[in-house]
Structures are given as C-alpha cells and as structure tokens.
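These notes are about the structure you will find just below.
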Amino acid sequence: MKKYDYLIVGAGLYGAVFANEAKKAGKSCLVIEKRDHIAGNIYTYEWEGINVHQYGAHIFHTNNKDVWDYVNQFAVFNRYTNSPVANYNGEIYNLPFNMNTFNKMWGVITPAQAAEKIEQQRKEAGITEPKNLEEQAISLVGTDIYEKLIKGYTAKQWGRDCRDLPSFIIKRLPVRFTYDNNYFNALYQGIPVGGYTKLVENMLEGTEVQLNTDYLAEKEKFDALAEKVIYTGPVDAYFGYKLGTLQYRSVRFETELLDMENYQGNAVVNYTDYETPYTRIIEHKHFEFGTQPKTVISREYSAEWHQGDEPYYPVNNDQNNALYAQYKSLADKEENVIFGGRLGEYKYYDMDKVIEVALEVARAELS
Ligand code: FAD
Ligand code: UDP
C-alpha cells in the first residue's frame, strides 16, 4: 500500500478538477507544483485591489451547461463579456469580425452589403479551397480585414507567416453578420469574482498541496508515494525530450501599476499592426468593472519558446502533431500515469475544455 492513491503533478485547472473529484470519491491525493503558487496559468493575484491575470487575460466561456454548473460551485461569476478592440495604427475596430467592424472598414450598413464585399475580395484573391491561415482568413473576411487586423497580429503572435500556419487557428474567432461585439459564441461567460486563484483554492480545499516541487527532478521518490500519477506537465519533458522537443509559443508580460483611473477604456486592446512590438495590452480592472483609483496594465510580447521558458501555446502544426503522436504512444504505455491538460495532451485547450476532459477522465477513473 502506498501513502496516496494519486499523485497529481501540476496545480493548474486540470489537476485541481481531478483532485476535487478524487476527494469526493474518498481517495487520497498529493498535489505537487513546480511554481510557487497554485492555479497554473489561470493564476491571479491582487495589486491595489485589482485582480491581475499574471499569465494573460483569462475569460471563462462555455456552451457546456455541465461545465458551467460545475465551476459555479467554486465561485460566483460576474457578467463580463469580452469585447476587445483592435488598434491598427490608431484606427479602432471592434472585434470579433462583425457588422461594427465591417461598417467601420467599408461603410457598409446591411449584412448583405458586407457579405457582398467579402465575397468580392475573396474572388479577387482567387481562393476556392483555403489551404492555410492567410487563405482561410481572406475567404472568411476579405483582404482588407486580413491586411489590417489579422496579418500583423498573427505574425507577431505565432512568429510565423500566415501562409505557414494552419487555418483552424483563425476559425477560433467568430465572424458575425450582426452588430454584436461579443468575442465568444458562448452561452455562458464571466470572470470569477475574487479571482481565479480563489476558485482553484476552493477546488483544492482539503487536498494536500506541495509548492516549489518539481516532479521530474525527483520522479522515483514521488512515484513511490502513490498508486497512480496524474501528470499535467509537458509530455515531452516527461520522456526527457528523447524523441525531440515539441514547439510552443511563449509570452512575456510587462506589467505595471499606473497612477490613473482608466488607461485604455477596455480590458483588451489588440495592436494588430506588425511594427508595435506587443500583441495586446490588458487593463485588468475592466474584467471586474473596477473603480479603484489606480490601474494595472500588462503588455503581451509573444516569443519563441526555449527549454526552461514557460510553455503557453502548443504549436499544433503537422510536424509537431506527428511528434506528439509518437509521444502519445509512449504515454499510452505508461500504465500508472494519466497525461492530461494543455501540456500533457499538447492541445490548444480553453479552460472549459480542460474541465470537460478532466471530469470525463476523473469519472471514468474513479467510478
Ligand atoms: P496549466 O495551467 O499549465 O497547469 C499545469 C501545471 O503543471 C502548471 O502550474 C505547471 O507549473 C505544473 N507543472 C508542469 N511541470 C511540472 C513538474 N515537472 N512538476 C510539478 N509541476 C509541474 N482559456 C480560456 O478558456 N479563456 C481564455 O481567455 C484563455 N486565455 C488564455 C490566455 C493565455 C495567454 C494562455 C496561455 C492561455 C489561455 N487560456 C484561456 C487557456 C488556459 O490557460 C488553459 O486552458 C488552462 O490554464 C490549462 O490548464 P492546465 O491545468 O491544463 O495547465
Ligand atoms: N487574431 C487576429 N487578430 C486579432 C485577434 C486574433 O489575427 O485581433 C488571430 C490570431 O491568429 C490568433 C487567433 O486569431 O492566434 C485566435 O485568437 P484568440 O483571441 O482566440 O487567441 P488566444 O490568444 O485566445 O489563443
């Protein structure tokens, strides 16, 4: 008999959901976390009364009522609706691409006029079957929007030309022929009042958590403690990168406190030209309708990932997906280990998907 039923590597959302389900099933768990805090990339901390999203803006959104009900057990969510604006060399456009964007870009008034304009630009570009992000974008919203709002931002974000990126990345964004600036096509949306860290803390209540602890540095010692391991770190790191390194995009955040009440009038402003070195500026207080006298902003600089940096976005192109498939077959052979989460499964998961998958896995495992 080992000391714990489960060793959970990573105190992010996936690990916290599994820990909570295991606790309810009467199982004992130890959660270990490399960083000095819980909550993984959704970690928030308070500065001058403002909840700061340390690893980038996180807006909870889902169409899955079970997932929505699930998270609402651990926090009250406000009614925040994400409506970022794009700043292209001083011209301001609404996002996602909708009638407000089309009106500002072309002066069109009706959905039919907007659709006609897009169709005309798609035809001029000669695209029938979009083969990459550039072609996909032009066929969805036309050349003008592609040039001003997508090309520069995407090249900065991914460090690659739009012709070398898969089209699914741009399909994440809605294109709407209504005057609706809601960034997400989701039935449920909001920000947890009191911050995400509190939400994760509530999930982990009653579970033993050890911070500043790297599983891979003392793997054998930790394996001896538990019957089974739930591993939410990078899958290639688990195997010592022996088949090669999966690529990620990393992000550097420059966060500062400003002695003013309102810096940019919106939580998220995207800088879509190529020359501005950052991709976006987040003004954290606006996620919670804050009225504090000061404000905290973060500039986001996208960066290539190198071993030792924080991995953020898996780069799911063909080459990396093929390498992941090889790691996955190794992972499937690790009898007592479940690999989960954005890093463990090398998938561009949003929070709701992480919860959905973690719940499925936990319920199958614990039933
Ligand atoms: P993580 O949060 O990465 O947790 C994994 C944990 O494992 C980390 O804390 C890590 O330190 C720890 N770990 C790794 N290796 C080891 C080890 N060897 N030993 C011990 N611990 C280890 N989703 C949305 O739904 N809405 C959004 O608006 C949104 N915005 C985002 C913005 C950015 C910039 C990014 C990068 C992501 C965004 N996401 C968003 C996605 C969201 O962050 C993820 O879906 C979610 O955080 C993934 O949870 P996870 O538990 O899988 O991974
Ligand atoms: N995108 C863009 N211009 C914008 C916002 C997004 O071209 O102003 C593109 C970009 O390629 C990005 C993708 O749309 O990677 C998906 O955007 P989303 O906001 O979903 O990215 P996230 O940062 O949430 O992963």
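Numbers for residues simply follow the sequence, beginning at 1. Atoms within each ligand, like the ligands themselves, are counted from 1 in listed order.
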Numbered atoms and elements of ligand 2 in range of Arg280, under 4.0 angstrom, heavy atoms: 23 (O)

Atom 53 (O) of ligand 1: any protein heavy atom closer than 4.0 Å: no

Part of Leu173 with heavy atoms under 4.0 Å of ligand 2, whether side chain, backbone, both or neither: side chain

Residue portion contacting ligand 1 (non-hydrogen atoms closer than 4.0 Å) for Ala237: neither

Axial cation check for Tyr301 ring with Arg252, 6.0 Å and 45° limits: yes

Proximal atoms of ligand 2 relative to Tyr183 (non-hydrogen, under 4.0 Å): 5 (C), 6 (C), 17 (O), 18 (P), 19 (O)

Which of the ligand 1 atoms, numbered from 1, are nearer than 4.0 Å to a heavy atom of Thr213: 19 (N), 20 (C)

Residue selection (non-hydrogen contact nearest atom 50 (P) of ligand 1) among Tyr183, Tyr248, Tyr14, Phe253: Tyr14

Same apolar cluster: Val67 and Val354, side chain cutoff 4.5 Å: yes

Ligand-residue contact atoms, ligand 1 with Ala57, heavy atoms, under 4.0 Å: 28 (O), 29 (C), 30 (N), 31 (C), 32 (C)

Option with minimal heavy-atom separation from atom 43 (O) of ligand 1, where the choices are His53, His58, Arg280: His58

Parallel, tilted or perpendicular: ring planes of Tyr248 versus Tyr346, cut at 30 and 60 degrees: perpendicular

Those atoms of ligand 1 less than 4.0 Å from some heavy atom in Tyr55: 33 (C), 34 (C)

4.5 Å side-chain heavy-atom contact, Gln136 and Lys171: yes

Per-residue contact class, Arg249 against ligand 2 - non-hydrogen pairs under 4.0 Å: neither

Proximal ligand 1 atoms for Tyr349, defined as those under 4.0 Å from one of its heavy atoms: 41 (C), 44 (C), 45 (O)

Minimum non-hydrogen distance to atom 12 (C) of ligand 1, winning option of Glu33, Lys347, Gln189: Glu33

Whether Tyr348 and Tyr313 hold their rings parallel, tilted or perpendicular, with breakpoints at 30° and 60°: perpendicular

Under 3.5 Å: N/O of Val354 near N/O of ligand 1: no

Gln121 versus Tyr146, side-chain donor and acceptor atoms under 3.5 Å: no

From Lys156, Arg172, Glu300 - option closest to atom 24 (O) of ligand 2 by heavy atom: Arg172

Shortest heavy-atom approach to atom 12 (C) of ligand 2 - which of Thr279, Val85, Ile169: Ile169

Part of Asp214 with heavy atoms under 4.0 Å of ligand 1, whether side chain, backbone, both or neither: both

Proximal ligand 2 atoms for Tyr348, defined as those under 4.0 Å from one of its heavy atoms: 21 (O), 22 (P), 25 (O)

Side chain, backbone, both or neither: Ile150 near ligand 2, heavy atoms under 4.0 Å: both

Numbered atoms and elements of ligand 2 in range of Thr272, under 4.0 angstrom, heavy atoms: 8 (O)

Ligand 2 atoms in contact with Ile170 (distance to a heavy atom under 4.0 Å): 9 (C), 14 (O)

Heavy-atom gap Lys151 to ligand 2 smaller than 4.0 Å: no

Within-shell test, Ile42 vs ligand 1, heavy atom, strictly < 4.0 Å: yes

Derivation and outcome, side-chain hydrogen bond (donor to acceptor under 3.5 Å, both in side chains), residues Asp180 and Asn182: CA-CA 6 Å; Asp180 178 0; Asn182 182 354; 5.0 Å; no

Proximity winner for atom 15 (N) of ligand 1, if only heavy atoms of Gly233, Gly344, Gly341 are counted: Gly233

Numbered atoms of ligand 2 (with element) below 4.0 Å of Leu95, judged on heavy atoms: 8 (O)

Ligand 2 atoms in contact with Asn270 (distance to a heavy atom under 4.0 Å): 4 (C), 5 (C), 8 (O)

Backbone N/O of Asn212 and side chain of Asp36: donor-acceptor pair under 3.5 Å: no

Lys27 vs Glu227 side-chain heavy atoms within contact, under 4.5 Å: no

Atom indices of ligand 1, in the order listed, that fall short of 4.0 Å to a heavy atom of Tyr312: 36 (C)

